[in-house]
Amino acid sequence: MQTATDISMSGLLFAAVFILLAGIVSLRLHLKLEKDLFWGTVRTITQLFLMGYILRFIFVLDTWYLILLLYVVMIAFAASIAKGRIKEKTLNVFLPTFLSMLLSYMVVTWFMTAVIVQVQPWWEAKYFIPLGGMVIGNSISAVAISVERLLSDLRKRRAEVELHLSLGATASQASGDFFRGAVKAGMIPSITAMMGVGLVWLPGMMTGQIIAGSDPLLAVRYQIMIMLMLVGSATIATILVVYFVRQKCFAADHRLLV
Amino acid sequence: MISIQNLSFSYNKQPVLHNFSWDIPSGTFVLLQGPSGCGKSTLLRLLAGLSVPREGSVTHNGKTLSAESATQLRRSVAYMQQIPVMVEGSIRENVLLSFRYAPPGTLPLQDEKLRILLERLHLGNLSLDAEGEELSVGQKQRLTFLRLLLMKPDVYLLDEPVASLDRESAAVLMEQVTALHRDERKTIIFVSHVEHTSVGEAARRFRLYRDHAEELR
(Lines give C-alpha, C1' and ligand atoms only; values in the text may rest on other atoms or scores of the structure.)
Protein backbone atom coordinates (compact mmCIF):
# COMPACT_ATOMS: atom_id res chain seq x y z
CA MET A 1 0.00 0.00 0.00
CA GLN A 2 1.42 3.37 -0.97
CA THR A 3 1.25 6.23 1.52
CA ALA A 4 0.15 9.80 0.98
CA THR A 5 2.62 12.30 -0.49
CA ASP A 6 4.07 14.57 2.15
CA ILE A 7 2.95 18.21 2.26
CA SER A 8 5.93 20.43 3.05
CA MET A 9 5.58 23.43 5.37
CA SER A 10 6.37 25.77 2.48
CA GLY A 11 3.68 24.06 0.44
CA LEU A 12 1.20 24.65 3.24
CA LEU A 13 2.09 28.34 3.13
CA PHE A 14 0.66 28.52 -0.37
CA ALA A 15 -2.73 27.56 1.05
CA ALA A 16 -2.52 30.70 3.15
CA VAL A 17 -2.55 32.75 -0.08
CA PHE A 18 -6.24 32.04 -0.34
CA ILE A 19 -6.81 33.31 3.19
CA LEU A 20 -5.00 36.51 2.15
CA LEU A 21 -7.30 36.74 -0.85
CA ALA A 22 -10.33 36.36 1.43
CA GLY A 23 -8.87 39.05 3.70
CA ILE A 24 -8.47 41.48 0.82
CA VAL A 25 -12.05 40.86 -0.32
CA SER A 26 -13.27 41.46 3.21
CA LEU A 27 -11.34 44.74 3.44
CA ARG A 28 -12.45 46.05 0.04
CA LEU A 29 -16.11 45.18 0.58
CA HIS A 30 -16.10 46.26 4.25
CA LEU A 31 -17.29 42.85 5.40
CA LYS A 32 -15.42 43.17 8.72
CA LEU A 33 -14.41 39.53 8.53
CA GLU A 34 -10.64 40.13 8.76
CA LYS A 35 -10.47 39.47 12.48
CA ASP A 36 -12.47 36.28 12.22
CA LEU A 37 -10.41 35.15 9.25
CA PHE A 38 -7.20 35.76 11.13
CA TRP A 39 -8.28 33.98 14.29
CA GLY A 40 -9.96 31.21 12.33
CA THR A 41 -6.69 30.52 10.53
CA VAL A 42 -4.64 30.67 13.69
CA ARG A 43 -7.04 28.35 15.50
CA THR A 44 -7.20 25.88 12.62
CA ILE A 45 -3.43 25.60 12.55
CA THR A 46 -2.83 25.41 16.29
CA GLN A 47 -5.81 23.19 17.12
CA LEU A 48 -4.99 20.67 14.41
CA PHE A 49 -1.28 20.54 15.22
CA LEU A 50 -2.15 20.21 18.89
CA MET A 51 -4.47 17.34 18.07
CA GLY A 52 -1.76 15.78 15.91
CA TYR A 53 0.76 15.85 18.73
CA ILE A 54 -1.79 14.56 21.25
CA LEU A 55 -2.66 11.70 18.93
CA ARG A 56 1.01 10.82 18.40
CA PHE A 57 1.47 10.83 22.16
CA ILE A 58 -1.62 8.72 22.79
CA PHE A 59 -0.77 6.25 20.02
CA VAL A 60 2.51 5.62 21.75
CA LEU A 61 1.06 5.30 25.26
CA ASP A 62 -1.89 3.25 24.06
CA THR A 63 -3.83 3.30 27.36
CA TRP A 64 -7.62 3.06 27.27
CA TYR A 65 -8.33 5.70 29.91
CA LEU A 66 -6.26 8.38 28.19
CA ILE A 67 -8.03 7.69 24.91
CA LEU A 68 -11.44 7.91 26.54
CA LEU A 69 -10.39 11.02 28.47
CA LEU A 70 -9.34 12.71 25.23
CA TYR A 71 -12.71 11.81 23.76
CA VAL A 72 -14.55 13.27 26.77
CA VAL A 73 -12.56 16.52 26.41
CA MET A 74 -13.42 16.66 22.70
CA ILE A 75 -17.10 16.22 23.58
CA ALA A 76 -16.89 18.97 26.20
CA PHE A 77 -15.54 21.36 23.55
CA ALA A 78 -18.33 20.30 21.21
CA ALA A 79 -20.92 20.96 23.90
CA SER A 80 -19.60 24.45 24.49
CA ILE A 81 -19.63 25.15 20.74
CA ALA A 82 -23.23 23.94 20.54
CA LYS A 83 -24.14 26.09 23.55
CA GLY A 84 -22.60 29.12 21.84
CA ARG A 85 -24.79 28.60 18.79
CA ILE A 86 -28.00 28.62 20.85
CA LYS A 87 -29.42 32.13 21.09
CA GLU A 88 -31.28 31.56 24.34
CA LYS A 89 -28.91 32.63 27.10
CA THR A 90 -31.07 32.75 30.22
CA LEU A 91 -31.10 28.98 30.52
CA ASN A 92 -27.77 27.21 31.01
CA VAL A 93 -27.89 24.34 28.55
CA PHE A 94 -24.25 23.27 28.79
CA LEU A 95 -24.76 20.38 31.18
CA PRO A 96 -27.73 18.78 29.42
CA THR A 97 -25.94 19.25 26.09
CA PHE A 98 -22.72 17.73 27.36
CA LEU A 99 -24.47 14.77 29.00
CA SER A 100 -26.55 13.90 25.95
CA MET A 101 -23.55 14.17 23.64
CA LEU A 102 -21.42 12.07 25.97
CA LEU A 103 -23.99 9.29 26.22
CA SER A 104 -24.88 9.10 22.56
CA TYR A 105 -21.39 9.56 21.09
CA MET A 106 -19.83 7.01 23.42
CA VAL A 107 -22.42 4.40 22.53
CA VAL A 108 -22.27 5.11 18.79
CA THR A 109 -18.47 5.18 18.59
CA TRP A 110 -18.15 2.03 20.67
CA PHE A 111 -20.64 0.36 18.34
CA MET A 112 -18.60 1.35 15.28
CA THR A 113 -15.24 0.14 16.55
CA ALA A 114 -16.37 -2.89 18.56
CA VAL A 115 -19.30 -4.25 16.57
CA ILE A 116 -18.89 -3.04 12.97
CA VAL A 117 -15.15 -2.70 12.34
CA GLN A 118 -14.34 -5.15 15.17
CA VAL A 119 -11.10 -3.49 16.18
CA GLN A 120 -9.15 -5.34 18.90
CA PRO A 121 -9.27 -3.71 21.46
CA TRP A 122 -12.31 -1.54 20.69
CA TRP A 123 -10.69 1.59 22.17
CA GLU A 124 -7.68 1.55 19.87
CA ALA A 125 -6.86 5.23 19.37
CA LYS A 126 -6.22 4.99 15.61
CA TYR A 127 -9.88 4.07 15.09
CA PHE A 128 -11.70 5.36 18.13
CA ILE A 129 -10.58 9.00 18.04
CA PRO A 130 -10.96 9.77 14.32
CA LEU A 131 -14.27 7.91 14.00
CA GLY A 132 -15.54 9.45 17.21
CA GLY A 133 -14.36 12.87 16.06
CA MET A 134 -16.40 12.57 12.88
CA VAL A 135 -19.48 11.63 14.88
CA ILE A 136 -19.00 14.67 17.10
CA GLY A 137 -18.22 17.10 14.32
CA ASN A 138 -21.22 16.14 12.28
CA SER A 139 -23.84 16.28 14.98
CA ILE A 140 -22.97 19.47 16.85
CA SER A 141 -25.35 21.34 14.61
CA ALA A 142 -28.07 18.72 15.06
CA VAL A 143 -27.94 19.25 18.81
CA ALA A 144 -27.82 23.05 18.53
CA ILE A 145 -30.68 23.15 16.02
CA SER A 146 -32.94 20.97 18.16
CA VAL A 147 -32.38 22.90 21.38
CA GLU A 148 -32.82 26.22 19.60
CA ARG A 149 -36.06 24.97 18.07
CA LEU A 150 -37.47 23.71 21.38
CA LEU A 151 -36.72 26.94 23.25
CA SER A 152 -37.98 29.27 20.55
CA ASP A 153 -41.17 27.24 20.10
CA LEU A 154 -41.88 27.22 23.82
CA ARG A 155 -41.37 30.96 23.90
CA LYS A 156 -43.32 31.86 20.79
CA ARG A 157 -46.20 29.53 21.53
CA ARG A 158 -46.32 30.06 25.24
CA ALA A 159 -50.08 30.73 25.22
CA GLU A 160 -50.69 27.35 23.61
CA VAL A 161 -48.51 25.50 26.12
CA GLU A 162 -50.29 27.25 28.98
CA LEU A 163 -53.66 26.44 27.46
CA HIS A 164 -52.83 22.74 27.73
CA LEU A 165 -51.45 23.18 31.23
CA SER A 166 -54.55 24.98 32.41
CA LEU A 167 -56.67 22.13 31.06
CA GLY A 168 -54.75 19.78 33.35
CA ALA A 169 -51.91 18.61 31.10
CA THR A 170 -48.58 17.60 32.57
CA ALA A 171 -45.46 19.39 31.34
CA SER A 172 -44.62 16.57 28.95
CA GLN A 173 -48.17 16.41 27.58
CA ALA A 174 -48.31 20.17 27.09
CA SER A 175 -45.00 20.22 25.23
CA GLY A 176 -45.35 16.96 23.31
CA ASP A 177 -45.73 18.63 19.91
CA PHE A 178 -42.72 20.86 20.55
CA PHE A 179 -40.65 17.89 21.66
CA ARG A 180 -41.39 16.07 18.40
CA GLY A 181 -40.78 19.20 16.33
CA ALA A 182 -37.39 19.78 17.95
CA VAL A 183 -36.23 16.18 17.54
CA LYS A 184 -37.31 16.21 13.91
CA ALA A 185 -35.46 19.47 13.23
CA GLY A 186 -32.31 17.90 14.68
CA MET A 187 -32.62 14.71 12.64
CA ILE A 188 -33.27 16.23 9.23
CA PRO A 189 -29.73 17.48 8.38
CA SER A 190 -28.12 14.04 8.78
CA ILE A 191 -30.84 12.49 6.62
CA THR A 192 -30.38 15.20 3.99
CA ALA A 193 -26.64 14.51 4.04
CA MET A 194 -27.31 10.89 3.04
CA MET A 195 -29.08 12.14 -0.09
CA GLY A 196 -26.19 14.16 -1.46
CA VAL A 197 -23.21 12.07 -0.44
CA GLY A 198 -21.14 10.68 -3.32
CA LEU A 199 -23.04 12.76 -5.87
CA VAL A 200 -22.43 16.27 -4.67
CA TRP A 201 -19.56 15.87 -2.28
CA LEU A 202 -16.91 13.38 -1.28
CA PRO A 203 -16.73 13.24 2.49
CA GLY A 204 -13.47 14.02 4.26
CA MET A 205 -12.82 10.58 5.60
CA MET A 206 -13.24 8.90 2.23
CA THR A 207 -11.01 11.47 0.56
CA GLY A 208 -8.39 10.90 3.23
CA GLN A 209 -8.43 7.14 2.86
CA ILE A 210 -8.20 7.30 -0.92
CA ILE A 211 -5.25 9.69 -0.78
CA ALA A 212 -3.60 7.44 1.80
CA GLY A 213 -3.78 4.64 -0.73
CA SER A 214 -6.79 2.61 0.37
CA ASP A 215 -8.95 0.79 -2.12
CA PRO A 216 -11.79 3.25 -2.92
CA LEU A 217 -14.31 0.49 -2.24
CA LEU A 218 -12.96 0.00 1.29
CA ALA A 219 -13.13 3.78 1.74
CA VAL A 220 -16.73 3.57 0.57
CA ARG A 221 -17.58 0.95 3.17
CA TYR A 222 -16.15 3.12 5.92
CA GLN A 223 -18.07 6.08 4.62
CA ILE A 224 -21.33 4.15 4.49
CA MET A 225 -20.83 3.14 8.09
CA ILE A 226 -20.13 6.75 9.05
CA MET A 227 -23.19 8.11 7.27
CA LEU A 228 -25.51 5.57 8.85
CA MET A 229 -24.03 6.04 12.29
CA LEU A 230 -24.34 9.82 11.96
CA VAL A 231 -28.09 9.45 11.62
CA GLY A 232 -28.04 7.28 14.71
CA SER A 233 -25.90 9.60 16.77
CA ALA A 234 -27.92 12.66 15.72
CA THR A 235 -31.12 10.86 16.66
CA ILE A 236 -29.94 9.68 20.07
CA ALA A 237 -28.23 12.98 20.89
CA THR A 238 -31.22 15.14 19.90
CA ILE A 239 -33.75 13.00 21.75
CA LEU A 240 -31.63 13.12 24.89
CA VAL A 241 -30.79 16.81 24.70
CA VAL A 242 -34.37 17.85 23.97
CA TYR A 243 -35.55 15.68 26.85
CA PHE A 244 -33.02 17.11 29.31
CA VAL A 245 -33.51 20.72 28.24
CA ARG A 246 -37.27 20.37 28.41
CA GLN A 247 -36.94 19.25 32.02
CA LYS A 248 -35.21 22.57 32.72
CA CYS A 249 -38.00 24.54 31.04
CA PHE A 250 -40.70 23.39 33.45
CA ALA A 251 -41.00 23.45 37.23
CA ALA A 252 -41.91 20.33 39.20
CA ASP A 253 -45.46 21.69 39.42
CA HIS A 254 -45.72 21.63 35.61
CA ARG A 255 -45.29 25.37 35.17
CA LEU A 256 -43.57 26.82 32.12
CA LEU A 257 -40.42 28.66 33.19
CA VAL A 258 -38.94 30.08 29.98
CA MET B 1 -62.76 29.50 49.08
CA ILE B 2 -59.74 31.18 47.55
CA SER B 3 -57.29 32.60 50.04
CA ILE B 4 -54.38 34.83 49.15
CA GLN B 5 -51.99 35.55 52.00
CA ASN B 6 -49.22 38.20 51.99
CA LEU B 7 -48.48 37.60 48.35
CA SER B 8 -45.71 39.44 46.53
CA PHE B 9 -44.92 39.14 42.87
CA SER B 10 -42.71 41.11 40.52
CA TYR B 11 -42.00 41.15 36.81
CA ASN B 12 -38.36 41.78 35.92
CA LYS B 13 -37.75 43.15 39.41
CA GLN B 14 -40.70 45.54 38.99
CA PRO B 15 -43.07 44.77 41.88
CA VAL B 16 -46.64 44.23 40.70
CA LEU B 17 -48.32 42.95 43.82
CA HIS B 18 -46.87 43.49 47.26
CA ASN B 19 -47.94 41.94 50.55
CA PHE B 20 -51.33 41.35 48.98
CA SER B 21 -54.04 39.49 50.90
CA TRP B 22 -57.58 38.68 49.85
CA ASP B 23 -60.15 36.02 50.73
CA ILE B 24 -62.77 35.18 48.13
CA PRO B 25 -65.58 32.96 49.46
CA SER B 26 -66.87 30.21 47.17
CA GLY B 27 -69.75 31.25 44.95
CA THR B 28 -68.72 34.88 44.73
CA PHE B 29 -68.98 36.71 41.44
CA VAL B 30 -66.12 39.20 41.44
CA LEU B 31 -65.81 41.94 38.88
CA LEU B 32 -62.19 43.02 39.20
CA GLN B 33 -61.31 46.43 37.86
CA GLY B 34 -58.31 48.69 37.69
CA PRO B 35 -56.15 50.42 35.09
CA SER B 36 -54.13 48.27 32.72
CA GLY B 37 -50.82 47.19 34.17
CA CYS B 38 -52.06 47.20 37.75
CA GLY B 39 -51.66 43.44 38.10
CA LYS B 40 -55.11 42.03 37.27
CA SER B 41 -53.81 39.55 34.72
CA THR B 42 -50.90 38.66 36.98
CA LEU B 43 -53.30 37.91 39.80
CA LEU B 44 -55.35 35.62 37.55
CA ARG B 45 -52.22 33.74 36.43
CA LEU B 46 -51.28 33.25 40.08
CA LEU B 47 -54.76 31.95 40.84
CA ALA B 48 -54.62 29.68 37.80
CA GLY B 49 -51.37 28.13 38.99
CA LEU B 50 -49.42 29.28 35.94
CA SER B 51 -47.20 31.56 38.04
CA VAL B 52 -46.16 31.23 41.66
CA PRO B 53 -45.75 34.08 44.14
CA ARG B 54 -42.27 35.18 45.14
CA GLU B 55 -43.58 35.42 48.69
CA GLY B 56 -46.84 34.48 50.34
CA SER B 57 -49.36 31.90 49.24
CA VAL B 58 -52.44 31.16 47.19
CA THR B 59 -54.74 28.37 48.37
CA HIS B 60 -57.84 26.90 46.79
CA ASN B 61 -59.97 25.25 49.46
CA GLY B 62 -56.85 24.86 51.57
CA LYS B 63 -54.76 23.35 48.76
CA THR B 64 -51.66 24.98 47.33
CA LEU B 65 -49.93 24.27 44.06
CA SER B 66 -47.46 21.39 44.26
CA ALA B 67 -45.97 18.76 41.99
CA GLU B 68 -48.69 16.32 43.07
CA SER B 69 -51.66 18.66 43.08
CA ALA B 70 -50.83 20.74 40.00
CA THR B 71 -52.77 19.06 37.21
CA GLN B 72 -55.87 18.39 39.29
CA LEU B 73 -55.84 21.86 40.80
CA ARG B 74 -55.60 23.52 37.40
CA ARG B 75 -58.57 21.51 36.18
CA SER B 76 -60.68 22.81 39.05
CA VAL B 77 -59.77 26.39 38.16
CA ALA B 78 -60.72 27.32 34.62
CA TYR B 79 -58.60 30.08 33.16
CA MET B 80 -59.50 32.00 30.05
CA GLN B 81 -56.62 33.92 28.51
CA GLN B 82 -57.18 37.41 27.18
CA ILE B 83 -56.64 36.36 23.58
CA PRO B 84 -58.48 33.13 22.78
CA VAL B 85 -56.06 30.31 21.99
CA MET B 86 -57.03 27.68 19.45
CA VAL B 87 -55.07 24.57 18.57
CA GLU B 88 -54.62 23.18 15.08
CA GLY B 89 -57.64 21.13 14.10
CA SER B 90 -61.41 21.23 13.83
CA ILE B 91 -63.87 22.99 16.10
CA ARG B 92 -64.77 19.61 17.57
CA GLU B 93 -61.12 18.90 18.46
CA ASN B 94 -60.74 22.35 19.92
CA VAL B 95 -63.76 22.09 22.19
CA LEU B 96 -63.11 18.50 23.21
CA LEU B 97 -59.57 19.41 24.22
CA SER B 98 -60.96 19.69 27.76
CA PHE B 99 -61.37 15.91 27.83
CA ARG B 100 -57.83 15.12 26.68
CA TYR B 101 -56.40 15.50 30.16
CA ALA B 102 -59.51 14.47 32.07
CA PRO B 103 -59.32 11.71 34.70
CA PRO B 104 -59.67 8.23 33.19
CA GLY B 105 -63.26 7.18 32.63
CA THR B 106 -64.50 10.63 31.62
CA LEU B 107 -66.36 10.27 28.36
CA PRO B 108 -66.20 13.06 25.79
CA LEU B 109 -69.43 14.57 24.52
CA GLN B 110 -71.32 13.23 21.52
CA ASP B 111 -71.82 15.54 18.55
CA GLU B 112 -75.56 16.08 19.24
CA LYS B 113 -74.87 17.26 22.75
CA LEU B 114 -72.09 19.48 21.48
CA ARG B 115 -74.40 21.07 18.92
CA ILE B 116 -76.95 21.94 21.60
CA LEU B 117 -74.23 23.71 23.59
CA LEU B 118 -72.98 25.56 20.52
CA GLU B 119 -76.56 26.64 19.84
CA ARG B 120 -76.78 28.11 23.32
CA LEU B 121 -73.70 30.22 22.60
CA HIS B 122 -75.25 31.32 19.28
CA LEU B 123 -72.71 29.27 17.36
CA GLY B 124 -75.24 26.81 15.94
CA ASN B 125 -74.35 27.75 12.36
CA LEU B 126 -70.78 26.43 12.72
CA SER B 127 -69.82 23.02 11.41
CA LEU B 128 -67.99 20.86 13.93
CA ASP B 129 -65.52 19.91 11.22
CA ALA B 130 -64.57 23.48 10.31
CA GLU B 131 -61.04 24.62 11.08
CA GLY B 132 -60.81 26.32 14.45
CA GLU B 133 -58.18 28.80 13.31
CA GLU B 134 -60.41 30.46 10.72
CA LEU B 135 -63.05 31.87 13.06
CA SER B 136 -63.56 35.43 14.26
CA VAL B 137 -62.22 36.48 17.65
CA GLY B 138 -65.74 36.58 19.06
CA GLN B 139 -66.45 33.04 17.90
CA LYS B 140 -63.13 31.78 19.22
CA GLN B 141 -63.73 33.41 22.58
CA ARG B 142 -67.10 31.70 22.91
CA LEU B 143 -65.60 28.34 21.91
CA THR B 144 -62.82 28.64 24.46
CA PHE B 145 -65.49 29.44 27.03
CA LEU B 146 -67.37 26.28 26.06
CA ARG B 147 -64.13 24.35 26.40
CA LEU B 148 -63.90 25.55 30.01
CA LEU B 149 -67.55 24.78 30.75
CA LEU B 150 -67.01 21.15 29.76
CA MET B 151 -64.25 20.82 32.33
CA LYS B 152 -66.85 21.48 35.08
CA PRO B 153 -64.47 23.55 37.23
CA ASP B 154 -65.33 25.20 40.56
CA VAL B 155 -63.76 28.53 39.69
CA TYR B 156 -63.75 30.58 36.49
CA LEU B 157 -60.95 33.09 35.94
CA LEU B 158 -61.85 35.24 32.98
CA ASP B 159 -59.29 37.75 31.74
CA GLU B 160 -61.01 40.54 29.80
CA PRO B 161 -63.36 38.05 28.18
CA VAL B 162 -65.46 40.60 26.32
CA ALA B 163 -62.88 43.30 25.64
CA SER B 164 -62.35 42.44 21.99
CA LEU B 165 -65.81 41.12 21.24
CA ASP B 166 -68.60 42.52 19.11
CA ARG B 167 -71.81 43.41 20.89
CA GLU B 168 -73.64 40.17 20.16
CA SER B 169 -70.76 37.92 21.25
CA ALA B 170 -70.29 39.95 24.41
CA ALA B 171 -73.96 39.76 25.34
CA VAL B 172 -74.11 36.01 24.78
CA LEU B 173 -71.02 35.41 26.85
CA MET B 174 -72.17 37.68 29.67
CA GLU B 175 -75.49 35.86 29.81
CA GLN B 176 -73.69 32.52 30.15
CA VAL B 177 -71.34 33.79 32.83
CA THR B 178 -74.20 35.25 34.83
CA ALA B 179 -76.09 31.96 34.55
CA LEU B 180 -73.09 30.03 35.87
CA HIS B 181 -73.12 32.11 39.00
CA ARG B 182 -76.91 32.21 39.39
CA ASP B 183 -77.69 28.55 38.67
CA GLU B 184 -74.55 26.70 39.67
CA ARG B 185 -73.07 28.98 42.33
CA LYS B 186 -69.65 28.92 40.71
CA THR B 187 -66.93 31.31 41.81
CA ILE B 188 -66.24 33.76 39.02
CA ILE B 189 -63.46 36.29 38.79
CA PHE B 190 -64.08 38.53 35.87
CA VAL B 191 -61.33 40.96 35.02
CA SER B 192 -62.08 44.12 33.10
CA HIS B 193 -60.39 47.46 32.70
CA VAL B 194 -63.66 48.99 31.50
CA GLU B 195 -65.61 50.70 34.29
CA HIS B 196 -69.08 50.22 32.92
CA THR B 197 -69.01 46.51 32.06
CA SER B 198 -72.59 45.35 32.38
CA VAL B 199 -72.44 42.26 34.54
CA GLY B 200 -75.73 42.77 36.33
CA GLU B 201 -76.58 43.03 39.97
CA ALA B 202 -75.07 39.76 41.07
CA ALA B 203 -71.43 40.78 40.76
CA ARG B 204 -69.44 42.46 43.49
CA ARG B 205 -67.16 45.12 42.10
CA PHE B 206 -63.60 45.36 43.33
CA ARG B 207 -60.75 47.64 42.47
CA LEU B 208 -57.26 46.17 42.52
CA TYR B 209 -54.45 47.93 44.35
CA ARG B 210 -50.89 46.79 44.87
CA ASP B 211 -51.57 45.42 48.34
CA HIS B 212 -55.31 44.85 48.50
CA ALA B 213 -58.59 44.76 46.62
CA GLU B 214 -61.21 47.28 47.64
CA GLU B 215 -64.89 46.67 47.20
CA LEU B 216 -66.73 49.42 45.32
CA ARG B 217 -70.29 50.18 46.36
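Everything numeric in this text was worked out from a predicted model, so none of it was measured. Quick note on labels: first sequence line is chain A, next is B, and so on, each numbered from 1.
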Next item on the list: Determine whether Glu88(B) and Asp177(A) make a side-chain contact, defined as any pair of heavy atoms from C-beta on separated by less than 4.5 Å.
Entry: no
Notebook entry, point to check: If you draw a 6.0 Å radius around NE2 in His122(B), do more than 12 non-hydrogen atoms from other residues or ligands fall strictly inside?
Noted result: yes
Check: Mind checking whether Leu97(B) and Leu163(A) have side chains closer than 4.5 Å, heavy atoms only?
Finding: yes
Notebook entry, point to check: Is there a side-chain contact between Leu65(B) and Arg255(A), using heavy atoms and a 4.5 Å cut-off?
Noted result: yes
Check: Pick one: which of Arg74(B), Arg45(B), Gln81(B) meets side-chain hydrogen bond (donor to acceptor under 3.5 Å, both in side chains) with Glu162(A)?
Finding: Arg45(B)
Check: Are Thr71(B) and Gln173(A) close enough, and set up right, to give a side-chain contact (heavy atoms from CB on, under 4.5 Å), and what steps lead you there?
Finding: CA-CA 11 Å; Thr71(B) 54; Gln173(A) 288 170 329; 5.8 Å; no
Item checked: Engaged part of Ser51(B) at the chain A interface, taking heavy atoms whose separation is under 4.5 Å -> backbone
Notebook entry, point to check: About how many Å separate OH of Tyr101(B) and CG of Leu165(A), when rounded to the nearest 0.5 Å?
Noted result: 8.5 Å
Check: Going by heavy atoms in the side chains, are Leu50(B) and Leu256(A) under 4.5 Å from each other?
Finding: no
Checklist line | Approximate separation, where rounding is to 0.5 Å, of Ser166(A) OG and Leu148(B) CG | finding: 7.5 Å
Margin query: What I'd like to find out is whether the side chain of Met151(B) reaches to under 4.5 Å of the side chain of Leu167(A), using heavy atoms alone.
Written below: yes
Notebook entry, point to check: Looking at Val77(B), Leu73(B), Val85(B), Val87(B), which one has more heavy-atom pairs under 4.5 Å with chain A than the rest?
Noted result: Val85(B)
